[in-house]
Amino acid sequence: MLSNIKFISKQKSISIPTYTIDYLPEALELFEDVVGVDTETTGYDAHGDRLLSLQIGDFNNQIVIDSSHYPLKELVDVLNEYFKDKVVILQNAQFDLRFFYKYGIDIPKLYDTLLAECIITGGLGNKEDIKNVKELLGKETAVKYVDRHLGLDKLALKYCNIELDKSIRGIIHREGMSERVIKYGADDVKYLPEIRNKQLEILNTYEEKYGIGLEVLELENEAVKVFSRMAFNGIKVDSSKYKKEVIAVADKEVKRTINELDAEVHKSPKLKKYAVYQGNLFFQTRKTEINWNSSTQKLKILNELGEKVKDTNANTIRKEVKHPIGKKLLEYNEYKKLENAFGEEFLKNINKETLRMHPSIWQILSTGRISMSDPNLLQIPARGHLGDTIRKCFIPEKGNKIVGGDYSGFELRIIAEFSQDPLWVNTFKEDGDLHSILCSETFDIPVTDVKKPFPYNTNITYRDVQKTLNFGLSYGMSEFKLSNTIGVSKAEAKQIIDKFFSKVPEVKKFLDKLGNLGKNRGYIKVPNPYGRIRFFPKFDVIKDYPYETKDISFRWYGEMERASKNTPIQGLNGTVIKRALIRTQQEIDNNKYPAKILLSVYDEIQTECEESFAEEWKNILQNCMIAAGEEIIKTVPVKADCAIGDYWIK
DNA sequence: CAATCGTGCGCG
DNA sequence: AAAGCGCGCACGATTG
């Protein structure tokens, strides 16, 4: 087997045939139209780290190119010409593509074995599910029913029955291109074509079994190019502004609120035992031994004050705590959160080479949406005291503009499209304000009155209640949650929901149908085109262990029902934003536009472009988004609003 | 002492 | 008996 490896390097290997780079064109002819490709690198950062090797191969032959001797940038022309009409298989393409983009290598037709596996096993591997099943029936059962494996070693085992040795991975950098490293690199591409074939076989059975075609796979294999480029581009943060206007302010406010909380403790006879003084005899500061960042301690304090709260969630405190300490706690919590999650540590995510943040992106969650980490740019504050200020710190390079925008009420339009409820559909067709119009129907009041205070809770308006309903119902909200959120009794909440659904009966039917589908079949689909499937492994667990899961099964069926209502809606939103990103990137590539995609946040796309191009680009971007939306939404208008700015505008 | 769990909250 | 979906992050508390 070793003899089928061709090592391209200036360093001779003892038992592996070694060639100079002149041999590359000939070696590349060993392969058919499908090849596996992989890289070894010194680390995860495409900007700071470098390539150690590039491997190209199939089951019969593998080429391992020593990048230390033959840098990728010298091979760009040969490789681009070669990849032009090949199907390139990568495991976790997002990683390799970032390095390829650095050197200008383009892969037009790619297949990602990791993404394919995510599609095949949609809904599996959920950590919460694993935990729940483990608690109930032990680890073995959890692994059997819920777990999934996406690593190349596990895929090789599953599809080729081969044990790949991954233990060497961590030492490649130190060891250099030793024989076992070369062999390891070759193995990483050797099995990719076979894995792909087997995965495609499975996906083809999904067509018949579930009505899910290969379109979603094509979508993801296109989208990964955009996401890797997006992560490679990164986004610029004005760190000195951020330090001054965000971190310093949050720190100051945390100190202030701690002092005020401590003062409350000193005031209260009930809390006296927590009081501490600091300083000397003449200058004493009133402190406490309470860590206000600890929810356990906060709960204890509130209980000692006679507040019978069960937790310290902001909502609970807002509604139930009468003592003035409640308000101060809320204030402290907000700034402490900013300090913790968006303070100094957050700024450390700025890349030293580029001075930008380059998140890593998980491309396929159980609904089809994406997630981000290191940092998670999907959770940058947009509201609250510092929301605006924080977003203003995300800026373009000199001479550029930020151009971005979002869809208007996209999930609500999905509900219109798929329920075909007359009132819901017509409101969008007439460009009416859905919340206001439905509100007037639910509460039998004129549209002009919808912003009047809600009699049961005068802190909010009728329209606020309707908004909660409109969004909550697509998550399967019940009267319990509604009564909790808007501060009415459960009976009243139920009345409101019933009245609301009586006005939009097709929406009710649509959601009930989805809920039942998931509960009865153990899976739910995101509709075609680009349809995908989400399995509910808990369904099979309940089926196989009915005797001891009676109380659990109520909970689990409820969870599956609500997830089934939400998955198609959330998932279609995810599909559309991916389609929009693909369209946008294609516009950029095909026309060589001076623009870059920076971010996509659920139903929003942010880009950066040359100032002189901004006006034109704004329209192009907006058209891409609308065209993508119209692939899915056909009976009501699709709206996307884009704008030009000097920072990230929400 | 490190690893894991629980709580709470940021976004849509 | 549970009662709005989908996430990642950071802290304190608990566990091994």
Side-chain angles (χ1 to χ4, degrees), chain A residues 123 126-128 131 134-135 290-300 310-317 329-330 333-346 349 359-362 364-384 386-387 390-391 406-407 409-412 468-485 490 493-494 497 511 514-515 518 524 526 534 549-571 573-574 577 599-604 650:
Chain A
N126 181 288
K127 277 185 190 143
E128 206 60 30
K131 202 187 89 190
K134 200 165 129 187
E135 261 167 32
I290 299 158
N291 179 352
W292 296 104
N293 202 30
S294 155
S295 45
T296 317
Q297 295 180 34
K298 272 188 281 202
L299 187 62
K300 204 163 125 194
K310 292 208 159 47
D311 58 65
T312 60
N313 292 343
N315 253 337
T316 309
I317 294 178
L329 270 177
L330 291 174
N333 287 346
E334 184 188 351
Y335 290 111
K336 191 63 187 175
K337 172 79 179 182
L338 290 167
E339 191 181 72
N340 282 341
F342 303 102
E344 290 290 349
E345 286 302 311
F346 173 73
N349 288 299
S360 57
I361 298 166
W362 187 255
I364 307 179
L365 302 175
S366 43
T367 62
R369 276 213 312 213
I370 65 160
S371 73
M372 260 181 216
S373 59
D374 309 295
N376 180 1
L377 295 175
L378 304 181
Q379 61 179 169
I380 303 302
R383 305 181 279 263
L386 294 179
I390 291 175
R391 298 254 167 159
D406 62 358
Y407 287 104
F410 201 80
E411 293 200 347
L412 299 172
T468 305
L469 271 174
N470 290 352
F471 290 120
L473 68 90
S474 70
Y475 307 146
M477 188 171 65
S478 70
E479 63 262 32
F480 292 83
K481 180 68 180 178
L482 183 66
S483 77
N484 213 332
T485 309
K490 287 178 189 83
K494 179 151 180 10
I497 292 173
L511 291 168
L514 288 178
I524 193 73
V526 177
R534 173 182 183 177
T549 56
K550 206 165 181 340
D551 53 335
I552 293 281
S553 60
F554 276 102
R555 204 179 89 207
W556 285 2
Y557 277 121
E559 286 170 4
M560 285 189 274
E561 182 178 0
R562 294 190 298 276
S564 299
K565 289 177 177 176
N566 178 253
T567 296
I569 300 168
Q570 189 183 117
N573 204 345
I577 201 76
L599 261 184
S600 82
V601 188
Y602 306 108
D603 61 353
E604 168 190 354
K650 183 57 217 172

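Keep in mind that this is a model prediction, so the values were computed, not measured. In what follows, every heavy atom counts, from backbone to side chain, and hydrogens, waters and symmetry copies are set aside.
- Residue A/S371 places at least one side-chain N or O under 4.0 Å from the OP1 or OP2 atom of C/dG8.
- Using a 4.0 Å heavy-atom distance criterion, A/R369 is classed as a base contact.
- Side-chain atoms of A/N340 lie closest to C/dA10 of the nucleotides C/dA3, C/dG6, C/dA10.
- Only the P atoms considered, B/dT4 is 31 Å distant from C/dG4, to the nearest whole Å.
- Among the candidates A/N333, A/D311, A/N291, the single residue satisfying the side chain to side chain donor-acceptor pair (under 3.5 Å) test with A/K298 is A/N333.
- As a whole-Å value, the separation of A/D603 CG from C/dG6 P is 18 Å.
- Using a 4.0 Å heavy-atom distance criterion, A/N484 is classed as making no nucleic acid contact.
- Side-chain atoms of A/R391 never come within 3.5 Å of backbone atoms of A/L386 as a donor-acceptor pair (strictly under, hydrogens ignored).
- Taking the side chain as every heavy atom from C-beta outward, A/T367 and A/V526 never approach each other to under 4.5 Å.
- Rounded to whole Å, atom P of C/dC11 lies 13 Å from atom CG of A/L338.
- Ring planes of A/Y407 and A/F410: tilted class, angle from 30 to 60°.
- Among the protein residues, A/D406 comes within range of no part of the nucleic acid, since none of its heavy atoms lies under 4.0 Å from any strand.
- Between A/M372 and A/L599, the closest side-chain pair of non-hydrogen atoms falls below 4.5 Å.
- An OP1 or OP2 oxygen of C/dG4 is reached within less than 4.0 angstrom by no side-chain nitrogen or oxygen of A/T485.
- Not a single donor-acceptor pair under 3.5 Å links the side chain of A/W292 to the backbone N or O of A/S294.
- Backbone-only engagement by A/I380 is indicated by non-hydrogen atom pairs under 4.0 Å involving sugar-phosphate atoms exclusively.
- Using C1' as the reference atom, C/dA3 and B/dC5 are 24 Å apart when rounded to the nearest Å.
- Among the atoms of the strands shown, none is found under 4.0 Å from any heavy atom of A/N573.
- The separation between A/D551 atom CG and C/dA1 atom P is 7 Å, rounded to whole Å.
- Straight-line distance from the NZ atom of A/K298 to the C1' atom of C/dA10: 12 Å, rounded to whole Å.
- Under a 4.0 Å N-O distance rule, the pair A/E334/A/K337 does not qualify as a salt bridge.
- With A/T567 contributing its side chain and A/S564 its backbone, the two residues share no donor-acceptor pair below 3.5 Å.
- The residue A/Q297 sits close only to the backbone: its heavy atoms come under 4.0 Å of sugar-phosphate atoms, none of a base.
- Within the nucleic acid shown, A/S366 comes within 4.0 Å of sugar-phosphate atoms alone, with no base atom in reach, counting heavy atoms only.
- For A/S294 and C/dA13, the shortest distance from a side-chain N or O to OP1 or OP2 is below 4.0 Å.
- Here the range on DNA chain B touched by chain A, meaning any atom under 4.0 Å from one of its heavy atoms, is B/dG6 to B/dG12.
- Summarising the geometry, the separation between NZ on A/K131 and P on C/dC7 is reported as 14 Å, rounded to the nearest angstrom.
- Between the P atoms of B/dC9 and C/dA1, the separation comes to 29 Å (whole Å).
- One finds a side-chain N or O of A/R562 lying less than 4.0 angstrom from the OP1 or OP2 phosphate oxygen of C/dC5.
- Between the side chain of A/S373 and the backbone N or O of A/N376 there is no donor-acceptor pair closer than 3.5 Å.
- Across the protein-nucleic acid pair, A/N291 atom CG and C/dA10 atom P stand 17 Å apart, rounded to whole Å.
- Looking at heavy-atom distances under 4.0 Å, A/F346 makes no contact with the nucleic acid at all.
- Nucleic acid contact class of A/G558 (heavy atoms, under 4.0 Å, all strands): none.
- If you check C/dA3, C/dA10, C/dC5 against the side chain of A/Y475, the one that comes closest is C/dC5.
- Rounded to whole Å, the distance from CG on A/L299 to P on C/dC11 is 21 Å.
- In this structure, C/dG4 makes no Watson-Crick or G-U wobble pair, since no nucleotide meets both defining distances under 3.5 angstrom.
- Per the geometry, CG belonging to A/N293 stands 18 Å off P belonging to C/dC9, to the nearest Å.
- Between the base of C/dG6 and the side chain of A/Y602 there is a donor-acceptor pair shorter than 3.5 Å.
- Heavy atoms of A/K565 sit nowhere under 4.0 angstrom from any nucleic acid atom.
- The aromatic ring of A/F554 does not sit over the base of C/dA1, since the test of centres under 5.5 Å and planes under 30° is not met.
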